[in-house]
Peer 1: 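Before anything else, here's the structure in question.
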Amino acid sequence: AGDERSGADTAALQQRVIADASSASLVRVMLACAVFWLLLASAFGLISSIKLHQPDWLSDAMWLTFGVTRTLHLNAVAYGWAPMACLGCAIWMLPRLLKTPLQGAGYAMFGCAVWNLGLIAGLIGIANGYNNGLEWLEIPRPLAALLVVGAVFIGMPLLATLQQRKAEHLYVSVWYIGAAMLWMPVLLITAQLPIHHGIEQASANWWFGHNVLGLFYTPLSLAAIYYLLPKVIGRPVENYNLSLIGFWGLAFFYGQVGGHHLIGGPLPNWLIHLSIVQSMMMIIPVAAFSINQHRTMSGHFGMLRHSPTLRFIVLGGMMYTLSSVQGSFEALRSINTITHFTHFTVAHAHLGLYGFVTLVMFGAIYFIMPRVTGREWPYPKLIAAHFWLVAGGFALYFVSLTLAGVLQGLAMLDASRPFIDSVRVTQPGLIGRSIGGGLMTLGHLLFAGHFAALLLQLGPQRQQAALLRPFAVAKSV
């Protein structure tokens, strides 16, 4: 029996090696693109943040005004860093999960090139004043079409590999990846159709703006957690049925939550009520995931001291719980009255896209890159520094902006106070946001430099996994 088990383990290892080799080149390219966009987005994000309390800084050129730099930051994150990182991780997981070498990698490489060319052209257009004027949809329509084409070609390997799969059972990560790849082109095409006007356009805008997070970045990030968490700690997910409840709950309840951004606007009451109800119903799939993650980690929390991947993805999973529950209650009219049109909403958006998605992607990249380059990360101390800079910086960012938003909302609701008071009370929070953003950007620079060192085979050659703290007894993570 022992020999049979050993033979099965060897066969499974060889299968993973073949799977990694089939996707390695594509994954390296996509993750390298993601890191580039992360740095660009960080630069424009920090500039935009500083301008909120130093408005005359870098104001000589039109493309460096706040309205442009903030839009460049958003689009570099939303269409650069986040999708390239999420899709790169998904394409690496797919052949492993399906026990089949990746099929049609060339299509995805072409799609990656088209996507990035479309994004470069779109950002250049935005910097020169060409803008749709809709948040999350600023890229001009002809250039946004390139993103749709790129997404379709990137998704082709999913269908081809599924068709050739050797795995009989489809693990929940495959469900999330498949759904995200189906939803993304539908979201982009529907939102960009030139048929939305007036109030309908605002409704479609926030339908897209919320769903691109909940039905694209979120399922791909959850797929990474469901795959990597059991891999690192060496035990299966605690309850597979809970993972399916989380999947179907997300699919059924998330589609209309974007309407809570339009509470108070001239939209049909039923649409607003539906959005509020669905926002609260999202507590069900979030609770299913959170319980599953905690019970799976039970007895293994000590490994957070050692594994970089585990530290990032567990914290990211916790931020998913926090951001989702916060979003559900933010949809209630009693809370929305205070937080609407304030910096609180900005803090909440970053809790989802940075605290959850970005931290999970950092953890995934730390796990994936050694397996597609054949080298371990050369400098473990840089990983630890990266973690504390981004975690500490984001904590300062989020708390400062949340408090500033609450104070801003209360000041605007007080009819006895002049409007300028609602601006003055935010200044300490905005300075805290910039300091936190600066720490996060420094962490991104360390991460990018370390990524480049690994990719270019610079630094010491390590024989063992790069751990944050070595185990007392040798153990591979």
Side-chain angles (χ1 to χ4, degrees), residues 2 5-25 27-28 30-32 34-35 85 88-89 91-93 95-97 224-236 296-297 299-317 359-391 443-477:
R5 190 180 302 111
S6 176
D9 290 344
T10 302
L13 177 60
Q14 183 62 27
Q15 198 172 59
R16 289 197 294 272
V17 170
I18 294 172
D20 290 349
S22 69
S23 64
S25 298
V27 170
R28 287 196 298 266
M30 296 188 78
L31 295 184
V35 173
C89 293
I91 284 173
W92 174 81
M93 287 188 289
R96 281 179 160 232
L97 290 164
I225 294 176
Y226 272 117
Y227 180 76
L228 293 172
L229 184 60
K231 277 288 180 188
V232 174
I233 67 176
R235 62 166 294 187
T296 302
M297 277 295 296
H300 296 81
F301 282 100
M303 292 182 69
L304 292 171
R305 294 192 298 268
H306 307 283
S307 170
T309 292
L310 198 63
R311 188 177 289 189
F312 276 102
I313 66 172
V314 168
L315 180 58
L359 291 188
V360 170
M361 287 302 107
F362 284 148
I365 290 171
Y366 279 125
F367 189 90
I368 292 169
M369 283 302 293
R371 288 156 178 82
V372 296
T373 60
R375 286 172 56 90
E376 293 294 337
W377 293 92
Y379 302 108
K381 290 185 178 179
L382 284 183
I383 301 177
H386 172 218
F387 175 81
W388 289 114
L389 282 169
V390 298
H444 300 164
L445 290 170
L446 291 181
F447 170 66
H450 203 188
F451 182 93
L454 177 64
L455 204 59
L456 300 174
Q457 301 186 6
L458 304 176
Q461 175 71 48
R462 302 178 57 84
Q463 300 302 318
Q464 295 182 338
L467 301 176
L468 299 171
R469 182 187 299 180
F471 284 98
V473 178
K475 189 174 181 180
S476 176
V477 176

Peer 1: Mind checking what makes side-chain contact (heavy atoms from CB on, under 4.5 Å) contact with P378, not counting sequence neighbours?
Peer 2: H450, A453, L454, P460
Peer 1: Search all heavy atoms of P236 against all heavy atoms of P230 and return the closest pair with its distance.
Peer 2: CA-CB, 4.2 Å
Peer 1: If you measure from CD1 on I313 to CZ on F362, what distance do you get to the nearest 0.5 Å?
Peer 2: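 If we round to the nearest 0.5 Å, I313:CD1 and F362:CZ are 14.5 Å apart.
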Peer 1: How many angstroms lie between OG1 in T373 and CD in Q457, if you round to the nearest 0.5 Å?
Peer 2: 8.0 Å
Peer 1: Taking only residues two or more places apart in sequence, or in another chain, which ones meet R469 in a side-chain contact (heavy atoms from CB on, under 4.5 Å)?
Peer 2: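 By the side-chain contact (heavy atoms from CB on, under 4.5 Å) rule, R469 matches R305, H306.
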Peer 1: The criterion is ring pair (Phe, Tyr, Trp, His ring centres under 6.0 Å); which residues satisfy it with F451, sequence neighbours excluded?
Peer 2: none
Peer 1: For M361 versus C89, what's the shortest heavy-atom pair and its separation?
Peer 2: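 The pair with the smallest heavy-atom distance is SD-SG, 3.8 Å.
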Peer 1: So, taking the atom named CG in L467 and the one named CG in L310, what distance separates them when rounded to the nearest 0.5 Å?
Peer 2: 11.5 Å
Peer 1: List the atom of V372, the atom of R28, and the distance in Å for their closest heavy-atom pair.
Peer 2: O-NH1, 2.5 Å
Peer 1: Specify whether F367 and W92 have parallel, tilted or perpendicular ring planes, treating 30° as the upper limit for parallel and 60° as the lower limit for perpendicular.
Peer 2: perpendicular
Peer 1: I need the L97 CG to Y226 OH distance, nearest 0.5 Å.
Peer 2: 14.0 Å
Peer 1: List in chain and number order the residues that pass side-chain hydrogen bond (donor to acceptor under 3.5 Å, both in side chains) with H386, two or more places apart in sequence or in another chain; answer none if no residue qualifies.
Peer 2: Y366
Peer 1: Kindly write out the residues that satisfy side-chain hydrogen bond (donor to acceptor under 3.5 Å, both in side chains) with R96, not counting sequence neighbours, or none if the list is empty.
Peer 2: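 side-chain hydrogen bond (donor to acceptor under 3.5 Å, both in side chains) check on R96 returns D20, Y227.
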Peer 1: Over all heavy atoms of both residues, which pair between V232 and S307 is shortest? Give the atoms and the distance, please.
Peer 2: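 Of all heavy-atom pairs spanning V232 and S307, the closest is CG1-OG, 3.5 Å.
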Peer 1: Work out which heavy atom in A19 is nearest to a heavy atom in S22; give both atom names and the distance.
Peer 2: O-OG, 2.6 Å
Peer 1: According to side-chain contact (heavy atoms from CB on, under 4.5 Å), who are the partners of T296, at least two apart in sequence or on a separate chain?
Peer 2: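 Scan of T296 (side-chain contact (heavy atoms from CB on, under 4.5 Å), adjacent residues dropped) gives L229, I233, V237, E238, N292.
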Peer 1: Checking the side chain of T309 only, and the main-chain atoms of G363 only, is there a donor and an acceptor separated by less than 3.5 Å?
Peer 2: yes
Peer 1: Is there a side-chain contact between P470 and Q464 (heavy atoms, below 4.5 Å)?
Peer 2: no
Peer 1: Who are the side-chain hydrogen bond (donor to acceptor under 3.5 Å, both in side chains) partners of R16, not counting sequence neighbours?
Peer 2: none
Peer 1: Just to verify, what does L445 make a side-chain contact (heavy atoms from CB on, under 4.5 Å) with, not counting sequence neighbours?
Peer 2: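 Listed in chain order: L39.
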Peer 1: Holding to side-chain hydrogen bond (donor to acceptor under 3.5 Å, both in side chains), I want the full list of residues that pass it with Q461, two or more places apart in sequence or in another chain.
Peer 2: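 R375.
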Peer 1: When you look at F312 and I365, which way does the side-chain contact (heavy atoms from CB on, under 4.5 Å) test go after all the steps?
Peer 2: CA-CA 10 Å; F312 276 102; I365 290 171; over 6 Å; no
Peer 1: If you round to the nearest 0.5 Å, how far is CZ of F387 from CG of L359?
Peer 2: 7.5 Å
Peer 1: For side-chain contact (heavy atoms from CB on, under 4.5 Å), just list the numbers for M369 and L455, CA-CA rounded to whole Å, side-chain angles, deciding distance to a tenth of an Å, and then say yes or no.
Peer 2: CA-CA 8 Å; M369 283 302 293; L455 204 59; 3.7 Å; yes
